[in-house]
Every structure is written in C-alpha cells, then in structure tokens.
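Counting starts at 1 for both ligands and their atoms, in listed order.
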Amino acid sequence: MSPSGRVRDLLERRTAPLSDLAAHATDVARTCHAMAVRFHRGGKLVVFGNGGPSTDAQHVAVEFVHPVIVGKRALPAISLTADVATLTGVANRVGMAETFAHQIRFLAEPADIAMGLSTDGDCANVLRGLEEAQELGMLCVALVGGDGGQIVESGVADHVLVAASTDPRVVKEVHVTMYHILWELVHVFFESPGVIT
Ligand SMILES: O=C(CO)[C@@H](O)[C@H](O)[C@H](O)[C@H](O)COP(=O)(O)O
C-alpha cells in the first residue's frame, strides 16, 4: 500500500467507529440528562482512568471546571489521577486496584457522578472505583471500548458508552469525541430546568 493509501486506511479506521456514535444517540442523551440532574442536586463529577485515559480524566474535569467555550457555565468536576502522593500511597500500601475506590470513599458524596474510562473495560481499579461509587449511591458512567469487558459484565455502571473498536488508539480517540459531546449536552440540559425532573 502506498504511504497516502496507508493514511487513508488509518483515517477510515477512525471515522467508522466515530460514525457509529450516532447509533447510540439515545444512550448519550439519557446519560447527559442523568448527569445534569445530579449537577442540579449539587453533585460534582469525579473522573478516573489509567495511562492515556488518566489524562483524559483531567481533560474531562477541566472541560467542566473551565469550559473552552467562553461564557459557558462552569460545573464542579475533579479527576482522581492528578494527586501523585495519594495515588502512590494507596497503591503502595493497599494495592493498585484500590487507587480510585479509596479516593471515592473519602472524597465523594452520594449526589456525585462517577465517570470511569477504560479502553477495554477490564481495568481493575476503574471497576473498583465504579463499585465503590455505586455503593455510595453515585450516578455511575463508564466510557469503554471493545465488548466493554468486566465493567459491562458486572453491571456496575448506570450508563455505559461503548466505542465501537477493539483498537485502543481508536477507542481513546472516540472517547475524546464522546466526552466533548457529553459536556455540551449536559450543559444544554442543565440550562433548561424544564427538562430536569
Ligand atoms: O494509554 C496508553 C497509551 O495511550 C497506554 O499505554 C496505557 O497505559 C494503557 O492503555 C492503560 O493501561 C489503559 O488501561 P485501560 O484503559 O485499558 O483500562
């Protein structure tokens, strides 16, 4: 294959899963509505993930706390991936699987929203974070890829948005589009109290 043919092939692998998002428009809208309800009740968004998705968690948080579009209202959000002291302390003494669950136990409230990102849905600490959040009564949202792994199998998330690819690079790229759409639509619902029940 020629170099430009290769570029077109790589682009095609990305556009097909992105287009698939339209087929899940109802799920996305329901997720955003449920999130807006929590924000109206005074809840905050708590986001977490590993590796690339750890910085996605920070990206999601800043979108809400400091919206890129001037004039958009800020909404409370924190990522659980930025505090190196807490992450390493918990991982060292308790274990990697508890890094997010521990923080949720001590920092989150029942009105809050937990959002876990996992490329294959099999990440132990994201799963444990969602389990802890569910136990607390938080709204649980998962962004996953592939078949959704144990996160889908466990039924721990109230809302699961699946990127239609098993290629971790593509899943991560689709997740960025997903959370930008989530951010935008949550604001639409939040600013229209009539649709909040
Ligand atoms: O994120 C990158 C590279 O983009 C990886 O190297 C990264 O460390 C792994 O994909 C992470 O472990 C992600 O885990 P998960 O999303 O599959 O649960």
Side-chain angles (χ1 to χ4, degrees), residues 6-7 9-18 20-21 24 27-28 31 35 45-64 77-105 107-108 112-135 138-183:
R6 178 95 182 124
V7 171
D9 179 55
L10 288 170
L11 281 173
E12 171 57 25
R13 284 192 222 171
R14 281 150 172 79
T15 45
L18 262 185
D20 181 76
L21 266 179
H24 301 284
D27 291 339
V28 174
T31 307
M35 289 173 69
L45 177 61
V46 179
V47 202
F48 44 97
N50 296 284
S54 76
T55 55
D56 280 314
Q58 294 173 36
H59 185 167
V60 173
V62 72
E63 292 292 358
F64 281 86
I78 55 166
S79 108
L80 300 184
T81 59
D83 182 348
V84 175
T86 297
L87 284 170
T88 54
V90 175
N92 185 39
R93 288 280 168 86
V94 193
M96 190 63 196
E98 291 303 307
T99 45
F100 302 135
H102 181 93
Q103 294 188 74
I104 285 168
R105 201 172 314 130
L107 298 175
D112 294 346
I113 305 151
M115 181 183 287
L117 293 102
S118 174
T119 312
D120 60 7
D122 277 330
C123 214
N125 60 351
V126 175
L127 180 63
R128 279 287 303 121
L130 289 170
E131 284 172 351
E132 194 68 38
Q134 187 187 51
E135 207 164 299
M138 295 167 73
L139 178 76
C140 293
V141 178
L143 268 58
V144 295
D147 66 0
Q150 290 176 55
I151 288 176
V152 164
E153 211 177 290
S154 65
V156 75
D158 302 295
H159 299 272
V160 183
L161 301 177
V162 186
S165 174
T166 51
D167 181 331
R169 295 161 299 180
V170 176
V171 170
K172 285 166 184 162
E173 290 159 18
V174 173
H175 281 176
V176 177
T177 303
M178 269 183 189
Y179 61 71
H180 278 151
I181 290 174
L182 285 178
W183 168 76

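- A side chain to side chain contact (heavy atoms under 4.5 Å, CB included) with Glu98 holds for exactly one of Arg93, Arg105, Gln103; it is Arg105.
- Counting heavy atoms from C-beta on, the side chains of Val46 and Leu80 come closer than 4.5 Å.
- Here the straight-line distance linking atom CG of Leu45 with atom CD1 of Ile78 works out to 9.0 Å at 0.5 Å rounding.
- Using modelled atom types, no side-chain atom of Ser79 and backbone atom of Ala57 make a donor-acceptor pair closer than 3.5 Å.
- Protein residues having at least one heavy atom under 4.0 Å from any atom of ligand 1 are Asn50, Gly51, Gly52, Pro53, Ser118, Thr119, Asp120, Cys123, Lys172, listed by chain and number.
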Subject >> Full working for salt bridge (charged side-chain N to carboxylate O under 4.0 Å, His left out) between Glu173 and Arg13 >> reply: CA-CA 11 Å; Glu173 290 159 18; Arg13 284 192 222 171; over 6 Å; no
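- Checking each of Asp27, Leu139, Ile113 against His159 for a side chain to side chain contact (heavy atoms under 4.5 Å, CB included) leaves exactly one that passes, namely Leu139.
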